[in-house]
Amino acid sequence: AVSASRVYLGYHTPAQVCAGTLVGSLVGCTWYAVYDQCLRKRLPALVLSSPICRYLYIVDHSHIDDVVAWEHASFASSVRKQDGARRR
């Protein structure tokens, strides 16, 4: 839709729009390949070890298959611990 409007309004020729689409697609595919091969394993550890992530308590939960079930079990466990502490 955006590319069609650029041609319709006369800002670009169809050849320019096609060239821009081709270049953008190549850059996107190249970036994905670089990320997938080189950065996927290293980048999360680098980001999560940054001071801002530690300050904001940002952690990686990608190793958990079902986050919702894990959160439910974690919450239920903490409630049971609080109830046990109150009874003592």
Euclidean distance, Ser49 OG relative to Arg54 CZ, rounded to 0.5 Å: 6.5 Å
Inter-residue atom distance Lys81.NZ - Ser77.OG, 0.5 Å rounding: 4.5 Å
Partner residues of Arg80 under the side chain to side chain donor-acceptor pair (under 3.5 Å) criterion, sequence neighbours left out: none
Set of salt bridge (charged side-chain N to carboxylate O under 4.0 Å, His left out) partners for Asp36, sequence neighbours left out: Arg40
Same apolar cluster: Leu43 and Ile58, side chain cutoff 4.5 Å: no
Fellow cluster residues of Val68, listed by chain then number, with links counted only when side-chain atoms sit under 4.5 Å apart: none
Non-hydrogen side-chain atoms of Tyr11 and Val17 separated by less than 4.5 Å: no
Atom pair OG/CD of Ser3 and Gln16 - distance to nearest 0.5 Å: 12.5 Å
Distance, nearest 0.5 Å, that separates CD of Glu71 from CG of Asp66: 10.5 Å
Residue pair Cys53 / Val47: nearest heavy atoms and the distance that separates them: SG-O, 3.2 Å
Expected output: side-chain Arg6 to main-chain Val2 donor-acceptor under 3.5 Å: no
Contacts of Tyr55 that satisfy side-chain contact (heavy atoms from CB on, under 4.5 Å) - sequence neighbours left out: none
For Leu22, the rest of its hydrophobic cluster, which grows through side-chain links under 4.5 angstrom: Leu26
Hydrophobic cluster (4.5 angstrom, side-chain heavy atoms) - remaining members for Tyr32: none
